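One structure is given below, encoded as structure tokens.
Not measured: the values here are computed from a predicted model.
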Amino acid sequence: MHLNSYITDTIISIEKEILHDNIQPLCIPKNIQEIKQFVEEVNKIIFYLNQKNKVAQSFNANMAHELKTPLAELKAKLEYSLYYTALQDNLATELRAFIQKITSLENIVSQMLYVSNNNIKKLNNSMQRVLLNDILYSILDTKKSEIEAKHLKTDIEINQAISMHGHEKLLQHAIGNIIDNAIKYSLPNKRIKIILRKKKNFIFLAIIDYGIGIDKKELKLIFHPYYRGENAFSNSDGYGLGLSLATWIFELHSASIKIRSKKGKGTFVGVKFYTS
């Protein structure tokens with residue numbers, strides 16, 4: 001009975017500590033000394049995992065720092081060439097495309113740096129009440145030129161003002177990534193449908209496009225970091241990190257994401273935020 005109680009309490013404790021990215025060593029109960037060696041071995045694993053996590057965070061932060069400066073310098077040189085040099089139209093178009101790609105990469109690097117410099121506990125502590133309606137309309141406003149360039153129509157269905165406890169900056173990035181993909185993969189003159197609904201115990205967000213879709217064999221792989229399918233190389237300026245980071249952000253907000261797609265028909269992305 002003592003052992004069962006110890007195991008149950010330990011599991012609950014570790015589950016809470018994992019959420020805060022800080023697993024503490026296990027205590028050896030005085031009344032169950034026979035598991036002392038086992039607990040000591042588990043603590044060695046916990047120490048190793050904590051050290052590994054610190055190294056990974058440090059590496060991500062250092063890599064992001066190293067990338068920021070050369071990206072900024074490259075972007076500045078390309079912008080100078082674009083605005084202060086006489087260029088042929090086709091070359092100017094290519095330069096604008098390169099600048100847009102660098103901007104996308106800068107955004108991803110900034111998010112990597114932000115997450116690396118803030119552990120789970122800090123991110124949770126910085127959460128506050130956010131209005132999802134405002135986040136959606138803000139994202140659509142920043143994507144206005146891209147939407148107009150493809151002559152897309154946006155259908156928005158929101159039944160009320162919907163707020164939740166969350167991190168506004170990270171939610172902007174995660175939801176923005178889904179909308180960005182919907183725009184990129186939509187065919188011209190089609191529409192993008194956005195649905196936001198509040199239910200009893202959850203909030204549901206759906207983003208639907210009627211574009212090129214995703215092949216069935218790729219659906220299981222698109223959440224993997226750095227994975228980019230056939231469509232991504234020809235239609236996207238992403239680098240395979242956006243959806244993986246967005247999924248991590250949704251998980252941080254107690255949300256699940258599901259994607260259904262059919263090649264040539266379009267893609268449905270559903271995000272379910274559990275509120276209780």
**OP:** Salt-bridge test for Lys75 and Glu106: reply yes if a basic N is under 4.0 Å from a carboxylate O, no otherwise.
**Re:** yes
Kindly compute the distance separating [atom1] ([X]) from [atom2] ([Y]), expressed to the nearest 0.5 Å.
X      : Y      : atom1 : atom2 : result
Ile192 : Ser186 : CD1   : OG    : 4.0 Å
Leu196 : Gln160 : CG    : CD    : 8.5 Å
Asn43  : Leu26  : CG    : CG    : 5.0 Å
Ile194 : Ile158 : CD1   : CD1   : 8.0 Å
Ile208 : Phe268 : CD1   : CZ    : 5.5 Å
Leu91  : Arg96  : CG    : CZ    : 10.0 Å

Original post:
Centre of Phe202's six-membered ring, under 6.0 Å away, within 45 degrees of the axis: is that where NZ or CZ of Lys272 sits?
Top reply: yes
Original post:
In terms of hydrophobic clustering (I, L, V, M, F, W, Y; side-chain heavy atoms under 4.5 Å; direct or indirect links), are Tyr137 and Leu131 co-clustered?
Top reply: no
Original post:
Would Phe38 end up clustered with Phe47 when hydrophobic side chains under 4.5 Å apart are linked, directly or stepwise?
Top reply: no
Smallest separation among heavy atoms of [X] and [Y], with atom names:
X      : Y      : answer
Thr267 : Gly213 : OG1-CA, 3.7 Å
Val130 : Gly166 : CG1-O, 3.8 Å
Gln172 : Ser138 : NE2-OG, 3.5 Å
Leu82  : Ala92  : CD1-O, 3.7 Å
Ser81  : Leu95  : CB-CD1, 4.2 Å
Ser261 : Ile214 : OG-N, 2.8 Å

Subject >> Side-chain touch Tyr274/Ser256, heavy atoms, less than 4.5 angstrom >> reply: yes
Subject >> Positive for side-chain contact (heavy atoms from CB on, under 4.5 Å) with Ile257, one of Leu205, Thr247, Ile249 >> reply: Thr247
**OP:** Run the numbers on Ile179 and Leu136 for side chain to side chain contact (heavy atoms under 4.5 Å, CB included), then give the verdict.
**Re:** CA-CA 9 Å; Ile179 293 176; Leu136 279 172; 3.9 Å; yes
Original post:
Checking side chain to side chain contact (heavy atoms under 4.5 Å, CB included) for the pair Asp215/Lys262: CA distance, chi angles, key distance, verdict?
Top reply: CA-CA 7 Å; Asp215 191 85; Lys262 190 171 182 181; over 6 Å; no
Original post:
Tell me the salt bridge (charged side-chain N to carboxylate O under 4.0 Å, His left out) pairs involving residues 157-168, sequence neighbours left out?
Top reply: Glu157-Lys193, Glu157-Arg197
Subject >> Listed once per pair and sorted, the side-chain hydrogen bond (donor to acceptor under 3.5 Å, both in side chains) pairs that draw on residues 142-156, sequence neighbours left out >> reply: Lys143-Asp180, Asp155-Arg191
**OP:** Not counting sequence neighbours, list each pair that qualifies as a side-chain hydrogen bond (donor to acceptor under 3.5 Å, both in side chains) and has a residue in residues 85-94.
**Re:** none
Original post:
Is the side chain of His253 donor-acceptor paired with the backbone N or O of His167 at a distance under 3.5 Å, no angle test?
Top reply: yes
Original post:
Hey, mind stepping through Ile175 and Phe250 against side chain to side chain contact (heavy atoms under 4.5 Å, CB included) and telling me if it holds?
Top reply: CA-CA 9 Å; Ile175 298 172; Phe250 288 136; 4.1 Å; yes
**OP:** Could you walk me through whether Asp209 and Lys190 pass the side chain to side chain contact (heavy atoms under 4.5 Å, CB included) test, one step at a time?
**Re:** CA-CA 8 Å; Asp209 71 70; Lys190 292 289 185 178; over 6 Å; no
